[in-house]
Undergrad: 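Take a look at this one; I'll ask things after.
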Amino acid sequence: GVTLGGMADPRPTRGRVSARFLWRLSVAILLGAVALELSLRALLFVWPVEGLRRAGLYSARWSTAREALAWEFADPAAHRPIAHHPLLGWTHSRFDGATLAHLGEASIGARRPILLLGDSFAACVTERKDCFEGLVERSELGRRYRLLNYGVPAYGLDQIYLLLRSILPRFEERDPIVIVSLLVEADLDRAALDFFQWPKPHLDVDEKGALVPGPAVPPSAEAWIEEHGLGVTSYAWAWLSGALGLRSSEDGPGHRERVRRLTPALLKAIRDECEGRGLDYAIVVFQGQKVLRDPSFVPRWQPLLLGELERLGMPYELTAGDLLESGGSLEELFVSRGPARRHYTAAGNRAVFPALRRAIERCAGE
């Protein structure tokens, strides 16, 4: 400091004041951040505050963290009973969870079986008589074909492929028609996640573009979370970054790249499974209710999906045109409330049935 008469000026210099202030400010910010993080965790997990226990506050829509948090935050009484499967993640009551034998096999008789695979849009939220097996049975197709519905709610394209690969040996000698359906707005995204409502398979792609199988699916959500965690390092930062628009509300880290890697590999694997066995097959692309609100709407992964189907020479049918041509309203074709909302009603199933019929007739050479 400046000296007066050979003695040091007791007043600190501006540089020392600034350094001390910044150090104290940094400590205060750090302690405040820690306090905020601990307080938020307490309100999430010790003394739960319902308004804070929303997965979307701390994670992107398409992320494993979102799904694991949603399961953790849900009322345990609301958790659905899950028929766990170590390869597929879960199965459906329409077929045996161990052998994958379909309960409708005895009714095939001399008819040619049709195997329909997909998610809840294939499985339907309606009564079975109004689902696709009932529509085939009551149509002129029912005299020659028997549709066995292997649709499973919440499946991604990865699980659809794994189920296909598992059941084809069972039916191969009966020369089935294979219809692989998917909801373009969701099933490619789901394939990139390791947890979607429940632990699910993890497939990867090697440097040659081939699928690489992952480990067995953990037997419970609790076991998965114990092994992998909830995927959030700091709840305070996750909440703040979302509130400030610093975090994507749509995709988790690396999600889009994973979809772009997995989709071509999964489609090629489906093609190879069917063509390698000499089976007739087709893809049916279901589309959701947004197309009725805006006929020009194109789901974000549709160009990727259709481009790969064309590149691989895989036959496919789209349902968007059928929905629009049906003349049905949004309320008539889609469930508007409850757990099944946004799914096809019985009228919605009938509206898209022409696409399924075209796929069947294409496979049969009609």
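The shown structure was predicted, so the numbers you read here are calculated from the model rather than taken from an experiment.
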Undergrad: Is any side-chain heavy atom of F95 less than 4.5 Å from a side-chain heavy atom of L103?
TA: no
Undergrad: Within a radius of less than 6.0 Å around CZ of R41, do more than 12 heavy atoms belonging to other residues, nucleotides or ligands occur?
TA: yes
Undergrad: Does any donor atom in the side chain of T126 or N349 lie under 3.5 Å from an acceptor atom in the other side chain?
TA: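 Present: a donor and an acceptor within the cut-off.
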Undergrad: Can you list every pair that meets disulfide (SG to SG under 2.5 Å) and has a residue in residues 88-197, with sequence neighbours left out?
TA: C124-C131
Undergrad: Going hydrophobic residue to hydrophobic residue with side-chain gaps under 4.5 angstrom, can you get from L267 over to L318?
TA: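 Linked, L267 and L318 end up in one cluster.
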Undergrad: Do the charged groups of D294 and K290 touch, with an N to O distance under 4.0 Å?
TA: no
Undergrad: Do Y145 and E137 meet the criterion of a side-chain donor-acceptor pair at a distance under 3.5 Å?
TA: no
Undergrad: Would you say E185's side chain and G288's backbone share a donor-acceptor pair under 3.5 angstrom?
TA: yes
Undergrad: Apply salt bridge (Lys or Arg N to Asp or Glu O under 4.0 Å) to residues E72 and R53 and explain how you reach the verdict.
TA: CA-CA 9 Å; E72 182 71 19; R53 288 168 64 88; 5.9 Å; no
Undergrad: If only side-chain N and O atoms count, and only distance matters, is there a donor-acceptor pair under 3.5 Å linking R146 with S107?
TA: yes
Undergrad: Applying ring pair (Phe, Tyr, Trp, His ring centres under 6.0 Å), can you list everything that pairs with F286, at least two apart in sequence or on another chain?
TA: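 Expected list: F132, Y344.
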Undergrad: Look only at the side chain of D206 and the backbone of A210, and say whether a donor-acceptor pair between them is shorter than 3.5 Å.
TA: yes
Undergrad: Determine, step by step, whether D251 and R61 satisfy the salt bridge (Lys or Arg N to Asp or Glu O under 4.0 Å) criterion, reporting the C-alpha distance in whole Å, the side-chain angles of both residues, the deciding distance to 0.1 Å, and the verdict.
TA: CA-CA 6 Å; D251 300 307; R61 178 190 176 196; over 6 Å; no
Undergrad: Do other residues, nucleotides or ligands put more than 12 heavy atoms under 6.0 Å from R54 CZ?
TA: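 Result for CZ/R54: open.
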Undergrad: State whether the side chain of R112 and the backbone N or O of D175 hold a donor-acceptor pair below 3.5 Å, judged by distance alone.
TA: yes
Undergrad: Determine whether a donor-acceptor pair (N or O, by modelled atom type, separation under 3.5 Å) exists between the side chain of Q159 and the backbone of G156.
TA: yes
Undergrad: How would you list, by chain and number, every residue that makes a ring pair (Phe, Tyr, Trp, His ring centres under 6.0 Å) with H102, sequence neighbours excluded?
TA: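 Partners of H102 under the ring pair (Phe, Tyr, Trp, His ring centres under 6.0 Å) test: Y150.
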Undergrad: Determine, for R277 against E172, whether the closest basic-nitrogen to carboxylate-oxygen distance falls under 4.0 angstrom.
TA: yes
Undergrad: Considering only NZ, NE, NH1 and NH2 on the basic side and carboxylate oxygens on the acidic side, decide whether R94 and E133 come within less than 4.0 Å.
TA: yes
Undergrad: Whether the Y316 and E310 side chains hold a donor-acceptor pair (N or O, under 3.5 Å, no angle test) is what I'd like checked.
TA: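 Side chains of Y316 and E310: pair found under 3.5 Å.
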Undergrad: Does a donor on one side chain sit under 3.5 Å from an acceptor on the other, for T319 and D322?
TA: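 Checked: T319/D322 side chains show no N/O donor-acceptor pair below 3.5 Å.
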Undergrad: For D158, give me all partners under side chain to side chain donor-acceptor pair (under 3.5 Å), at least two apart in sequence or on another chain.
TA: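 D158: side chain to side chain donor-acceptor pair (under 3.5 Å) contacts with K200.
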Undergrad: May I ask whether L88 and L182 are part of the same hydrophobic cluster, defined by side-chain heavy atoms of I, L, V, M, F, W, Y residues being less than 4.5 angstrom apart, directly or through others?
TA: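 As far as the 4.5 Å side-chain criterion goes, L182 and L88 are connected within one cluster.
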Undergrad: Backbone N or O of Y155 within a donor-acceptor pair of the R190 side chain at under 3.5 Å?
TA: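 It does hold such a pair.
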Undergrad: Between T263 (side chain) and V259 (backbone), is there a donor-acceptor pair under 3.5 Å?
TA: yes
Undergrad: When L117 is tested against each of I160, I270, V284, V152 for side chain to side chain contact (heavy atoms under 4.5 Å, CB included), which residue passes?
TA: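 Among the candidates, only I160 passes.
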Undergrad: Does the separation of the ring centres of H343 and F121 fall below 6.0 angstrom?
TA: yes
Undergrad: So does R358 pair up with E361, basic N to acidic O under 4.0 Å?
TA: no
Undergrad: Identify each donor-acceptor pair in which a side-chain atom of residues 221-238 lies under 3.5 Å from a protein atom, sequence neighbours left out, and give them as a table.
TA:
{"unit_1": "S234", "atom_1": "OG", "unit_2": "E37", "atom_2": "OE1", "d": "2.8"}
{"unit_1": "S234", "atom_1": "OG", "unit_2": "W237", "atom_2": "N", "d": "3.1"}

Undergrad: I'd like to know if the side chain of E67 reaches the main chain of Q197, judged simply by a donor and an acceptor atom lying under 3.5 Å from each other, with no hydrogens or angles considered.
TA: yes
Undergrad: Please name the residue in the list L157, D187, L188, I283 that meets the side chain to side chain contact (heavy atoms under 4.5 Å, CB included) test with L305.
TA: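 The side chain to side chain contact (heavy atoms under 4.5 Å, CB included) with L305 is passed solely by L188 among L157, D187, L188, I283.
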Undergrad: Is the side chain of R128 donor-acceptor paired with the backbone N or O of G134 at a distance under 3.5 Å, no angle test?
TA: no
Undergrad: Checking H79 now: which residues fulfil ring pair (Phe, Tyr, Trp, His ring centres under 6.0 Å) with it, not counting sequence neighbours?
TA: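 Scan of H79 (ring pair (Phe, Tyr, Trp, His ring centres under 6.0 Å), adjacent residues dropped) gives W71.
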Undergrad: Within the side chain of S120, is there an N or O that forms a donor-acceptor pair under 3.5 Å with the backbone of A154?
TA: no
